Amino acid sequence: MAETLTLTASDKEGIYQELLPQLTYLMDDQVDDIANMANLAAVLREAFGFFWVGFYRVSGDNLILGPFQGPLACTRIRRGRGVCGSAWDRGETLVVPNVDEFPGHIACSSLSKSEIVVPLRCRGAVVGVLDIDSDQLNTFDQTDRLYLEKICALLYPQT
Ligand code: SME
């Protein structure tokens with residue numbers, strides 16, 4: 001596979017549209033989830049310059065920090081806590097325009113201003129989340145939700 005991304009679009013939706021086929025090709029079904037998550041985090045941060053991009057994986061009643069790009073982060077989040085634990089509990093993507101207005105938001109960094117969390121599904125069950133933080137308010141919208149859900153679905157194509 002190509003070792004660099006090919007991106008020519010300058011608008012968000014255009015970048016997502018260019019990324020999708022490249023990410024589809026990048027996903028390797030011969031390796032474990034961690035390797036694919038690591039590359040997804042790297043590509044999303046490189047393509048958009050997000051402040052923090054990473055994965056948390058379900059382990060019992062907690063989400064445990066997985067592959068990420070960006071500053072250090074909380075290692076453990078209980079189900080139902082914070083944006084990540086709430087997205088897991090509700091089984092739906094949460095778009096948070098202003099983290100200060102989300103009750104129970106967990107501030108791993110005071111620089112994080114807005115956030116999107118997408119549940120990862122494998123055979124119907126939520127097995128983790130993709131979490132992306134921005135250092136600007138109102139970064140994420142329904143376009144991000146649509147494409148990030150498609151991107152997360154690449155991790156478990158059998159479901
Ligand atoms: N803000 C998240 C915690 C994870 S960090 O942002 C990386 C939350 O409220 O769940």
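Order of listing sets the numbers, starting from 1, for every ligand and every atom in it. Remember, predicted model here, so these are calculated numbers, not experimental data. Sequential numbering from 1 along the given sequence is applied to the chain's residues.
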With a heavy-atom distance limit of 4.0 Å, tell me whether Y56 approaches ligand 1 through its side chain, its backbone, both, or neither. side chain
H105 N/O under 3.5 Å from ligand 1 N/O: yes
May I ask you to test the V118-V129 pair for a side-chain heavy-atom distance under 4.5 Å? no
Give me the residue, atom name and distance of the protein heavy atom closest to atom 8 (C) of ligand 1. V83 N, 3.3 Å
Less than 4.0 angstrom from a charged side-chain N to a carboxylate O is my criterion; do R79 and D89 meet it? yes
Nearest protein heavy-atom contact for atom 3 (C) of ligand 1: which residue, which atom, what distance? I106 O, 3.5 Å
Please report which non-hydrogen protein atom sits nearest to atom 5 (S) of ligand 1, along with the residue it belongs to and the distance in Å to one decimal place. C108 SG, 3.1 Å
Do the side chains of W52 and C108 get nearer than 4.5 Å, heavy atoms only? no
For ligand 1, find out whether one of its N or O atoms is nearer than 3.5 Å to an N or O atom of D133. yes
Can a salt bridge be assigned to the pair D100 and K113 using a cut-off of 4.0 Å between side-chain N and carboxylate O? no
Is there a donor-acceptor contact under 3.5 Å from the side chain of N39 to the main chain of N36? no
Decide if atom NZ of K150 counts as having more than 12 heavy atoms of other residues, nucleotides or ligands within a radius under 6.0 Å. no
Derivation of the side-chain contact (heavy atoms from CB on, under 4.5 Å) call for L5 and E46: CA-CA 9 Å; L5 295 173; E46 183 182 343; 4.0 Å; yes
Considering the heavy atoms of E115, write down every atom of ligand 1 situated less than 4.0 Å from one of them. 1 (N), 2 (C), 6 (O), 8 (C)
What part of W52, side chain from CB on, backbone N/CA/C/O, both or neither, has a heavy atom under 4.0 Å from ligand 1? side chain
If you count every heavy atom of other residues, nucleotides or ligands that lies below 6.0 Å from R81 atom CZ, does the total exceed 12? no
Would you mind telling me if ligand 1 is within reach of the side chain of D131, the backbone, both or neither, using heavy atoms under 4.0 Å? side chain
So for ligand 1, is C74 a polar contact partner (N or O within less than 3.5 Å, distance only)? no
Using distance alone, determine whether A107 and ligand 1 share an N or O pair under 3.5 Å. no
Test of proximity, C84 against ligand 1: N or O pairs below 3.5 Å: yes
